[in-house]
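Below is one structure, written out as structure tokens; comments come after it.
Note: hydrogens, waters and symmetry copies are ignored here, and every other heavy atom, side chains too, is used.
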Amino acid sequence: MDYKLKKVITRFAPSPTGPLHVGSARTALFNYIFTKQNKGEIILRIEDTDRARSKKEYEDGLISELNWLGLSFDEFYRQSERTAIYKKHLENLIKNEKAYISKEDAEKEGSRGEVIRFKNPNTKIKFNDVIRGEVLFDTTELGDFIIAKGLGEPLYHLAVVVDDFEMNVSHVIRGEDHISNTPRQILIQEALGFPRPVYAHIPLILAQDKSKLSKRKHGDSVSVKHYREQGILPQTMINFLALLGWNPGDEREIFSLDELVSIFDIKKVQKGGAVFNPEKLDWLNQQYLNNLNREEKADKIKEYLAKHKEGWLKSPVLGNPVFIDLIVERIKKWGDIQELVKNGELDYFFEAPTVQADKVPWFKNPDIKSTILHLSKASDIINGLGNTDWDVKIIKDKLMKYADERGRGEVLWPLRYALTGREKSADPFSIAKILGKEETLLRWQKTTKELSEKIQGQDQAIG
RNA sequence: GGCCCUAUCGUCUAAUGGUUAGGACGUCGCCUUCUCAAGGCGGUAAUCGGGGUUCGAAUCCCCGUAGGGUCACCA
């Protein structure tokens with residue numbers, strides 16, 4: 001009765017019929033945490049009794065995603081390799097008249113003449129769910145359900161019950177969609193004389209429309225792989241999934257897997273389903289992104305840039321810490337780098353921008369002559385800086401001193417625009433630092449020249 | 001439809017009979033700023049409805065209602 005006395009053994013039992021679903025990932029996570037908390041063992045069991053729908057590539061994918069998440073398992077089984085065991089128990093059921101071979105109408109396509117049905121004792125089943133409390137079912141309506149297509153072809157309910165027993169599973173933690181399967185499985189357990197594990201049915205993860213997240217209805221966004229490819233960090237995923245349906249009772253919400261193991265409480269898991277909120281996932285990822293060290297950031301930026309702009313990889317800009325910080329500040333996940341590239345927001349770091357002369361002066365005081373003056377003056381200031389002074393703070397201090405005298409917008413807008421050719425961008429100090437003195441001066445001088453020519457043209461036209 | 005589960009801001013949730021119903025995401029505003037991003041500060045917003053029980057109900061009970069899950073020779 002008191003499961004604390006028994007060794008805790010849990011299992012995560014996906015069927016390899018598709019990519020790892022975020023809901024399944026959370027089930028795996030809760031199993032994992034619970035197991036570690038109780039110093040137990042966790043089993044990964046591939047439920048591939050449906051030979052037609054199960055695929056090795058999905059199994060590989062499942063394992064790859066679990067690895068990525070950092071969830072490890074103590075034992076591994078495949079149901080397709082255990083048919084002899086199921087057969088033994090099936091024969092036992094038939095011998096004891098708990099199940100029988102049933103002649104069926106084989107007219108329906110895909111159906112066969114004989115299947116094995118469980119002899120339903122038509123009782124009421126009551127079980128205690130860790131999360132929901134007492135649940136009562138009348139099993140009469142279930143009828144004599146089919147537990148195997150044949151002695152060598154067990155179906156889900158039979159395989160689950162046999163395996164949970166054979167593997168000494170003490171706690172079954174699974175999704176709420178299995179709650180109505182539980183009475184059926186308990187019936188089989190009792191017929192076989194097996195002990196009953198502790199059940200915990202965790203709530204479903206819902207889509208925005210509040211229906212169960214399904215690949216069919218909601219596409220790729222249901223898979224862990226999707227978020228992995230978007231550049232969400234595994235630690236973000238773990239943290240986010242844990243927070244979906246659980247909280248520590250106080251206001252903390254950033255937790256590592258290890259921290260979860262110390263503070264998680266399965267009894268505090270919510271009863272109702274939880275909508276998967278991608279905005280919050282992004283926000284959380286941003287928190288984790290910021291805490292990465294420079295090397296990790298630099299490596300990932302290179303990796304994602306390589307996908308879109310291989311030509312940029314040789315640039316020394318990539319190693320510049322100011323550049324790295326600038327990028328990380330502007331993304332929520334690595335995949336956002338693609339957007340940055342696509343929108344041309346990074347071009348000016350790697351090649352001279354196209355500057356439109358009429359956009360150089362600040363709109364509040366579009367005087368070309370003073371704009372030229374500011375550009376030249378700024379060039380002088382920058383030119384006076386030695387190599388050791390080539391630092392964002394120093395560049396900023398020097399330029400700001402001048403900008404404060406002459407009006408910030410009036411000075412800073414042209415400086416920045418001449419450097420980037422964009423109305424929106426990072427500040428001119430950081431960009432100057434990244435570009436280097438020579439390139440910065442070059443861009444300012446080029447713009448100055450263009451503006452001068454423009455003025456001359458105007459003067460001639462007037463004269 | 002039968003059975004089962006669930007019900008606090010738009011979303012994730014706190015408050016285990018007594019709180020101005022708290023926090024986070026989003027959103028909005030302000031500050032910081034030449035612009036963008038980041039950051040800081042602040043605002044908006046909820047107890048599904050109706051009956052009980054109680055001095056007192058988001059909290060306990062009943063009835064509705066709504067949403068969801070499940071009803072395979074899938075898992």
Side-chain angles (χ1 to χ4, degrees), chain A residues 13-18 24 47-50 52-54 79 102 104 106 108-117 129 131-133 135-143 145-150 153 155-157 159-160 174-184 201 203-206 208-212 240 243-254 268 270-284 286 290 325-332 340 345 362-364 400 403 407-417 420 422-428 430:
Chain A
S15 64
T17 54
S24 301
E47 308 222 319
D48 56 352
T49 50
D50 186 341
R53 293 204 309 149
S54 299
Q79 288 187 328
S102 163
E104 304 282 319
K108 263 175 72 178
E109 202 187 307
S111 58
R112 57 197 69 204
E114 279 185 3
V115 294
I116 299 171
R117 285 185 182 273
D129 190 282
I131 293 162
R132 269 148 243 279
V135 181
L136 181 71
F137 275 91
D138 184 350
T139 65
T140 308
E141 64 204 71
L142 266 26
F145 53 92
I146 299 174
I147 54 175
K149 298 186 198 179
E153 291 174 279
L155 253 18
Y156 170 68
H157 293 295
V160 165
R174 58 185 3 174
E176 193 195 337
D177 45 346
H178 284 295
I179 202 162
S180 51
N181 289 330
T182 306
R184 233 182 290 250
H201 288 93
L204 261 17
I205 295 182
L206 275 23
Q208 311 277 11
D209 66 359
K210 297 242 180 201
S211 71
K212 177 169 137 178
F240 181 73
L243 241 25
L244 226 46
W246 171 86
N247 72 84
D250 55 41
E251 271 147 27
R252 291 173 294 168
E253 32 179 34
I254 311 277
K268 286 197 66 177
Q270 221 70 223
K271 292 185 179 76
V275 173
F276 188 97
N277 182 347
E279 274 97 34
K280 182 135 188 181
L281 175 67
D282 278 358
W283 172 82
L284 196 61
Q286 195 176 36
N290 288 335
D325 288 349
L326 264 166
I327 299 287
V328 173
E329 229 166 66
R330 281 164 177 72
I331 59 173
K332 293 187 189 299
L340 257 29
E345 289 178 60
W362 197 36
F363 77 105
K364 283 190 186 169
M400 273 307 236
R408 288 184 174 184
E410 218 176 304
V411 173
L412 297 175
W413 175 276
L415 295 190
R416 192 177 57 77
Y417 184 78
T420 65
R422 301 200 125 245
E423 294 184 13
K424 297 174 181 178
S425 78
D427 65 274
S430 305

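When Watson-Crick and G-U wobble pairs are counted only if both distances are under 3.5 Å, B:rC73 pairs with no nucleotide at all. Pairing partner, B:rU33: none, since no Watson-Crick or wobble contact has both distances short of 3.5 Å. Under the Watson-Crick or G-U wobble criterion, with both distances below 3.5 Å, B:rC25 is paired with B:rG10. Nucleotide B:rA58: unpaired (no Watson-Crick or G-U wobble partner with both distances less than 3.5 Å). Figure legend. B:rG67 is base-paired to B:rC5; pairs are counted as Watson-Crick or G-U wobble with both atom distances under 3.5 Å.
Out of B:rU70, B:rA75, B:rC34, the shortest distance to the side chain of A:D177 is found at B:rU70. Of the candidates B:rU70, B:rC74, B:rC34, the closest approach to any side-chain atom of A:L155 belongs to B:rC74. You'll find that the side chain of A:K280 is closest to B:rA24, out of B:rU33, B:rG22, B:rA24. Closest approach to the A:L204 side chain among B:rG68, B:rA75, B:rC12 is made by B:rG68 (side chain taken as heavy atoms from C-beta onward).
A salt bridge between A:E104 and A:K149 is absent, with no side-chain N of the basic residue lying under 4.0 Å from a carboxylate O of the acidic one.
The nearest whole Å value for the distance from the OH atom in A:Y156 to the C1' atom in B:rC71 is 14 Å. Atom NE2 in A:H178 sits about 10 Å away from atom P in B:rC71, given to the nearest Å. Atom CD1 in A:I146 sits roughly 8 Å away from atom C1' in B:rA72 (whole-Å rounding). Between the P atom of B:rA24 and the CH2 atom of A:W246 lies a distance of 17 Å, rounded to the nearest Å. Summarising the geometry, the separation between CD1 on A:I205 and P on B:rC12 is reported as 11 Å, rounded to the nearest angstrom.
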Anything under 3.5 Å between a protein N or O and an N or O of nucleotides 35-40 of chain B, put it in a table, one pair a line.
| from | atom 1 | to | atom 2 | distance (Å) |
| --- | --- | --- | --- | --- |
| B:rU35 | O2' | A:E423 | O | 3.4 |
| B:rU35 | O2 | A:R416 | NH1 | 3.2 |
| B:rU35 | O2 | A:S425 | N | 2.8 |
| B:rU35 | O2 | A:S425 | O | 2.9 |
| B:rU35 | N3 | A:S425 | O | 2.8 |
| B:rC36 | O2 | A:R330 | NE | 3.4 |
| B:rC36 | O2 | A:R330 | NH2 | 2.5 |
| B:rC36 | O2 | A:S425 | O | 3.2 |
| B:rC36 | N3 | A:R330 | NH2 | 3.0 |
| B:rC36 | N3 | A:S425 | O | 3.4 |
| B:rA37 | O2' | A:E329 | O | 2.5 |
| B:rA37 | N3 | A:E329 | OE1 | 2.8 |

Please produce a list of atom pairs where a protein N or O lies less than 3.5 Å from an N or O of nucleotides 3-10 of chain B.
| from | atom 1 | to | atom 2 | distance (Å) |
| --- | --- | --- | --- | --- |
| B:rC3 | O4' | A:E141 | OE2 | 3.2 |
| B:rC5 | O2' | A:R132 | NH1 | 2.8 |
| B:rC5 | O2' | A:E176 | OE2 | 3.0 |

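Regarding contacts with the backbone of B:rC74, a side-chain N or O of A:K149 is found under 4.0 angstrom from either OP1 or OP2. At B:rC74, none of the side-chain N or O atoms of A:T49 fall inside 4.0 Å of OP1 or OP2 (strictly under the cut-off).
For B:rA24 and B:rA46, the C1' atoms lie 15 Å apart once the distance is rounded to whole Å.
In this structure A:D50 satisfies the side chain to side chain donor-acceptor pair (under 3.5 Å) test together with A:R53, sequence neighbours excluded.
Contact of A:D250 with B:rA14 (side chain to base): no donor-acceptor pair of N or O atoms is detected under 3.5 Å.
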